[in-house]
Engineer: 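Once you've had a glance at the structure underneath, I'll fire off some questions.
So you know, we letter chains A, B, ... as the sequences are listed, proteins then strands, and number each from 1.
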Amino acid sequence: MDKFEELTVPHLGTLYRQAYYLAGNRDDAEDMVQDTYVKARRSFHTLKDSAKCKPWLNSILYRIFIDEYRRKKHYVELTDVPAQEPEDDDSRWPEGVTAEGIKTALESLDPKYRLPLVAHYLSGQSYQEIADTMEIPLGTVMSRIHRAKRTVKKEFARHSRPSLGVIHGGRHGM
Amino acid sequence: MECSRYREPLDLVPSFDCCDPVFTPALDHANICPPCRERLASRLKSEYSIKLTMEASAPVPESLNLFVKNMPSEKMSPGRWMVRYGVIAASILLMATSTISSYRYWQSYKMEAAVEQLRLFSVKNHEIRNTPEFLSDDEKQVAQWLSGRLNKVVQLPKNLKPGSVVGASPSALGEHPVGAVHLVIDGNRSTLYTFDPSPFGVNGAVKKEPSYEMGHTVAAWEEHGVGYSLVSDAPVESMRASFVSGAMR
Ligand SMILES: [Zn+2]
């Protein structure tokens, strides 16, 4: 096992899971992670601090995701408009949410919101680290995650069975 | 009221990897405010379960594991890199500014990796499967049986020496179903995988002279748009000799 393998292989699972929820399917996720490793291998000499291997790999993966969206689906890094949304009455996620349900709900999100949310749940990085790897301000990361959660939960409410309304205690405007 | 001031920060307190000092005032508030505390606690619990659901639902595919563990080693000297990827590297230098060329380089790198992966799958399968499902030394019958079994036309290589075929089985390389033709080369067990290069994304790139690796003699090539990958317990020279033209293609 060479140094590259030794440092990067332990993060394969984290990268793949993020890629899976970013891309929404296994094939594209696998492609994204393969590209990440190919790119990482080629620029491995630029990683000066081996303790930063995880954020470094994450940043490569995020770049690939953003580039792919720019190419295919017009990822636009717009200035965030403050959300004019009602208060989030219930901050909980509905119960009985499945992995497939999460994936579908994430697909409804604009990629610039999906990326920080997925990173937040699956990368094991703090908000500050996510901000650093995505090269955007901390405040932007937090507000995007907040907004993303709200949208995703709304999406759940829209698609879930009526009985879920009972779980929410009949409240609306999640 | 105080509560609404702390609502957003409290909704952002992570259920894992807590906690940034930025949340301290909000957490202090939750400590003395039962409704906010209850809201925070139930959200953290539900989010933690979402995180676990997400983590458990996407296991790393074996093919990706193999890809990462079998990437060309960094230990290769720049010279060997240049030899190995000489043509590609040269084209990159020539058109460094062109995004199209980098994209092509990318593609060929990926293709090479995909061919490598195909050969790995072939070796793995060869090691596992021993008995043909269909026994026949007739090439035509074997091709017909495989075509019926895989529900598509299966062709065997044109210049295979007569008498080497002993049977066939359905098989799979990665996720894709392929035909496995059992051969005997110089008395040694051998398996020839016949596949459509498209699903693997390796059209026109399947070309690997017989060589001894991973404990077997391995070769891969393309003939009239059909991909072949051959794994044998026979030595390299015997594999070459098992084709009437003396070449793999
Ligand atoms: Zn309160």
Engineer: Could you tell me whether the side chain of B:V68 reaches within less than 4.5 Å of the side chain of A:F4, counting heavy atoms only?
Structural biologist: no
Engineer: To the nearest 0.5 Å, what is the distance between CD (A:E5) and CG (B:N70)?
Structural biologist: 8.0 Å
Engineer: Is the closest side-chain donor-acceptor distance between B:S57 and A:Y21 under 3.5 Å?
Structural biologist: yes
Engineer: So which part of B:P9 gets closer than 4.5 Å to some heavy atom of chain A, the side chain, the backbone, both or neither?
Structural biologist: neither
Engineer: Looking only at heavy atoms, which two atoms of B:A58 and A:R26 are closest? And how far apart?
Structural biologist: CA-NH1, 4.0 Å
Engineer: Among all residues two or more places apart in sequence or in another chain, which pass the ring-ring contact (aromatic ring centres under 6.0 Å, His included) test with A:H11?
Structural biologist: none
Engineer: Give a yes or no on whether B:K152 atom NZ has more than 12 heavy-atom contacts from other residues, nucleotides or ligands under 6.0 Å away.
Structural biologist: yes
Engineer: A:R17: which residues meet the side-chain hydrogen bond (donor to acceptor under 3.5 Å, both in side chains) condition with it, sequence neighbours left out?
Structural biologist: none
Engineer: Hey, are the side chains of B:V22 and A:Y127 touching, using non-hydrogen atoms and a 4.5 Å cut-off?
Structural biologist: no
Engineer: Which heavy-atom pair separates A:E30 from B:L64 by the least distance, and what is that distance?
Structural biologist: OE2-N, 3.5 Å
Engineer: Are A:K149 and B:I50 packed together at the side-chain level, in the sense that at least one heavy-atom pair is separated by less than 4.5 angstrom?
Structural biologist: no
Engineer: To the nearest 0.5 Å, what is the distance between OH on A:Y121 and CD on B:E47?
Structural biologist: 3.0 Å
Engineer: Rounded to the nearest 0.5 Å, what separates atom CD in B:E8 from atom CZ in A:R147?
Structural biologist: 11.0 Å
Engineer: Can you tell which part of A:T98 gets under 4.5 Å to a heavy atom of chain B, answering side chain, backbone, both or neither?
Structural biologist: backbone
Engineer: So, using ring-ring contact (aromatic ring centres under 6.0 Å, His included) as the criterion, who are the partners of A:Y16 when residues are at least two apart?
Structural biologist: none
Engineer: Tell me, out of B:N65, B:L12, B:V60, who's got the most heavy-atom pairs with chain A below 4.5 Å.
Structural biologist: B:L12
Engineer: Would you say the side chain of B:T53 lies within less than 4.5 Å of the side chain of A:I102, judging by non-hydrogen atoms?
Structural biologist: yes
Engineer: Would you please go through residues 46-59 of chain A and name the residues with a non-hydrogen atom below 4.5 Å from one of chain B, in numerical order?
Structural biologist: none
Engineer: Using non-hydrogen atoms and a 4.5 Å limit, figure out which bit of B:S49 sits close to chain A: side chain, backbone, both or neither.
Structural biologist: neither
Engineer: Side chain from CB out, backbone as N, CA, C, O: work out which of these in B:K69 comes under 4.5 Å of a heavy atom of chain A, or both, or neither.
Structural biologist: both
